[in-house]
There are 2 protein chains.
Amino acid sequence: MTRNPSIRRPITVSDRQLAERCARGRVVAIDDDAEILLALRALFELEGYACETYDSAVVLLQALSENRPVFPGPCCLLCDVRMPQIDGLELQRRLQELGDVPMLLMSGSSGAPEAASAFRAGALDFLIKPIKAQTLLDAVTKALAVSAQRQQQRARREELAARFNSLTEREREIARRVALGQRNLEIADALGIALRTVKRHRQQAMEKLEVDTLVDLVHVIGEMK
Amino acid sequence: MTRNPSIRRPITVSDRQLAERCARGRVVAIDDDAEILLALRALFELEGYACETYDSAVVLLQALSENRPVFPGPCCLLCDVRMPQIDGLELQRRLQELGDVPMLLMSGSSGAPEAASAFRAGALDFLIKPIKAQTLLDAVTKALAVSAQRQQQRARREELAARFNSLTEREREIARRVALGQRNLEIADALGIALRTVKRHRQQAMEKLEVDTLVDLVHVIGEMK
DNA sequence: GCTCGCTTGGCCCTTTGGGGCAATAGACAG
DNA sequence: CTGTCTATTGCCCCAAAGGGCCAAGCGAGC
């Protein structure tokens, strides 16, 4: 394991506090109104969430492109629609490939077309200013829950994919066929190899996939695709 | 099999044509503007879809409560938001328990709040008048596709549930345990019965569920819940 | 009382799965 | 060139699943 060269300062107490907050949930707020950002930050931090604020989508995109490490945990975006240069909907489009961070949009002056676009593009909600604090918190809570679930799902898939990739090509082939319900003998005939060989690969595959029943194998293969 | 007493007139040629259209897709349009309804009907029928029109949500609800038989096939609702008595959003709420018919809302005068409400309540899209014919057709095509998929899904589940219910209590119990990966002997011990008995029930269950491999059993049980 | 379906279980045999032990052969990195 | 990894296979043994044949106990309904 190599040392990460990006670590260049010691961990402070505030880092630890931030980490705790991030574990509960992190709200990334984007609005060109500085006062609103302050108010949002105050509200979310009072609730025990971490909050990052950006006064424009451009700054956020730049920060993201630097790809600096963040504490793990659920995360959501809360973004104003009406902003100069890059507006909320445009930002949503650009982040779409990133994909798994739930997005909340808010606006005071937008019409139905903007709201509809936002939802079509996958926004989790569209809040109309002025927004009641409770409404905002409910939306954020839900968004963070969605985020947590997606992250869990993704972690699980990656875990399984990693295990599956640690199999040899032959083992994968046999695992797939086993999960389709083919018998060892069928597989042996199909691949033109001996029964004993199929058994060995099957055995190896199940060991590497950390399953010990056929049922679990089926579930694991099913979860991956 | 008993005769259905609700059949009281012979099948006509136009019935057959309607049935063909319904199989392609049926659009239920609700708008208080008679001209719009005419235009919608013309558009959808030109595309080969069946189209029912209602000039108010009240009439639609009444028609639904009579529960008369309709031809099977994918179906979607296309409903104006701004209507007297019961508006589009209210109709959406009332039909929500019905649940599996995709809903498209349209409006010329609504704002972001209405659009957001519609999406939160599960609307598939929210179209802003004036709507281009192509936009409308695209939305309807998508809604019908969703409907078809839901119907297929539901049919499959009902089919499987019916099979599962045709099992005896004991057979269900054993099928569940088998699908959880328990071995016959484990099950026998857990239920305090002989191995042979478990085998018999297992065998019966798989026959009734129309599966012949353990893998298929797992999939069938999985699809049901 | 009797039949029918559900549940139960014993006996026995075959097929399939699981796994140890040993060995051959090709590919590839060091 | 050598050691490691992968794929392959044979032989043997045991456990588990699949299934035929037969039969008893029991509650529901005729």
Side-chain angles (χ1 to χ4, degrees), chain A residues 1-2 158-225, chain B residues 1-2 158-225:
Chain A
M1 306 307 172
T2 63
E158 282 176 1
E159 158 81 10
L160 296 183
R163 282 189 209 162
F164 196 66
N165 282 325
S166 79
L167 304 190
T168 67
E169 188 49 52
R170 212 49 161 167
E171 287 162 355
R172 273 193 286 272
E173 173 68 18
I174 273 128
R176 270 190 292 264
R177 286 171 181 270
V178 168
L180 287 175
Q182 294 186 11
R183 312 226 166 263
N184 289 343
L185 193 52
E186 278 183 82
I187 299 173
D189 287 345
L191 300 181
I193 57 180
L195 177 60
R196 187 63 188 84
T197 310
V198 175
K199 285 185 180 182
R200 164 159 311 293
H201 289 320
R202 175 176 186 158
Q203 186 183 349
Q204 275 290 315
M206 291 188 65
E207 195 169 318
K208 289 184 183 175
L209 291 175
E210 296 176 34
V211 295
D212 44 28
T213 71
L214 173 56
V215 172
D216 292 336
L217 207 222
V218 172
H219 285 144
V220 163
I221 300 282
E223 274 183 77
M224 281 193 316
K225 39 188 183 181
Chain B
M1 312 311 170
T2 63
E158 283 176 0
E159 158 80 10
L160 296 183
R163 282 188 209 162
F164 196 67
N165 282 326
S166 79
L167 304 190
T168 67
E169 188 49 53
R170 212 49 162 167
E171 286 162 356
R172 273 193 286 273
E173 173 68 18
I174 274 136
R176 269 191 293 263
R177 287 172 180 270
V178 168
L180 287 176
Q182 294 186 10
R183 310 219 169 271
N184 288 344
L185 192 52
E186 281 183 80
I187 298 173
D189 287 346
L191 299 182
I193 56 181
L195 177 60
R196 187 65 188 84
T197 308
V198 175
K199 285 185 182 182
R200 166 164 305 292
H201 289 319
R202 176 176 184 159
Q203 187 181 351
Q204 274 291 123
M206 291 189 65
E207 194 168 319
K208 288 184 183 176
L209 290 175
E210 297 176 33
V211 295
D212 43 28
T213 71
L214 173 56
V215 172
D216 292 337
L217 207 222
V218 172
H219 284 144
V220 164
I221 300 282
E223 274 184 76
M224 282 194 315
K225 43 190 178 179

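We use all heavy atoms of the structure for the numbers below, so side chains are in, but hydrogens, waters and symmetry mates are not. Throughout, protein chains are lettered first and strands after them, A, B, ... in sequence-line order, and every chain is numbered starting at 1.
- Proximity of B/Leu214 to B/Arg202: side-chain heavy atoms (C-beta onward) are separated by under 4.5 Å at one or more points.
- Comparing B/Leu195 and B/Ser166 along DNA chain C, the residue whose closest nucleotide (by nearest heavy atom) sits nearer the 5' end is B/Ser166.
- The pair A/Glu169-A/Arg172 counts as a salt bridge, with a side-chain nitrogen and a carboxylate oxygen less than 4.0 angstrom apart.
- Exactly one residue among A/Leu195, A/Val198, A/Leu180 makes a side chain to side chain contact (heavy atoms under 4.5 Å, CB included) with A/Ile187. That residue is A/Val198.
- Note: CG (B/Leu217) to P (D/dG18) measures 10 Å, nearest angstrom.
- With hydrogens and angles ignored, a donor-acceptor pair closer than 3.5 Å exists between the side chain of B/Arg196 and the base of D/dG20.
- Taking atom CD of B/Glu207 as the reference point, atom P of D/dG18 lies 13 Å away to the nearest angstrom.
- The phosphate of C/dT16 (OP1 or OP2) has no side-chain N or O of A/Asn184 nearer than 4.0 angstrom.
- Closest of all the heavy-atom pairs between B/Arg177 and B/Ala190 is NH1-CB, 3.6 Å.
- For the OP1/OP2 pair of C/dG20 and a distance below 4.0 Å, the side-chain nitrogens and oxygens of A/Gln203 include at least one atom meeting the criterion.
- Atom P of nucleotide D/dA15 and atom CZ of B/Arg183 are separated by 13 Å, given to the nearest angstrom.
- Between B/Thr197 and C/dG9 there is a side-chain polar atom (N or O) within less than 4.0 angstrom of OP1 or OP2.
- The phosphate of D/dT8 has neither OP1 nor OP2 within less than 4.0 Å of any side-chain N or O from A/Arg200.
- With rounding to whole Å, B/Ile174 atom CD1 is found 10 Å from C/dG9 atom P.
- For the pair B/Glu171 CD and C/dC6 P, the computed distance is 7 Å after rounding to whole Å.
- Taking atom NZ on A/Lys199 and atom C1' on D/dC11, their separation rounds to 11 Å, with Å as the unit.
- An OP1 or OP2 oxygen of C/dT7 is reached within less than 4.0 angstrom by a side-chain nitrogen or oxygen of B/Thr168.
- Closest to the side chain of B/Arg202, out of D/dA17, C/dT16, C/dG9, is D/dA17.
- Remark: B/His219 NE2 to B/Asp216 CG distance equals 7.5 Å, nearest 0.5 Å.
- Atom NE2 in B/His201 sits roughly 4 Å away from atom P in C/dT8 (whole-Å rounding).
- Atom pair B/Arg170:CZ and D/dC26:C1' shows a separation of 15 Å (rounding to whole Å applied).
- The residue among A/Lys208 and A/Gly192 whose nearest nucleotide of DNA chain D is located toward the 5' end is A/Lys208.
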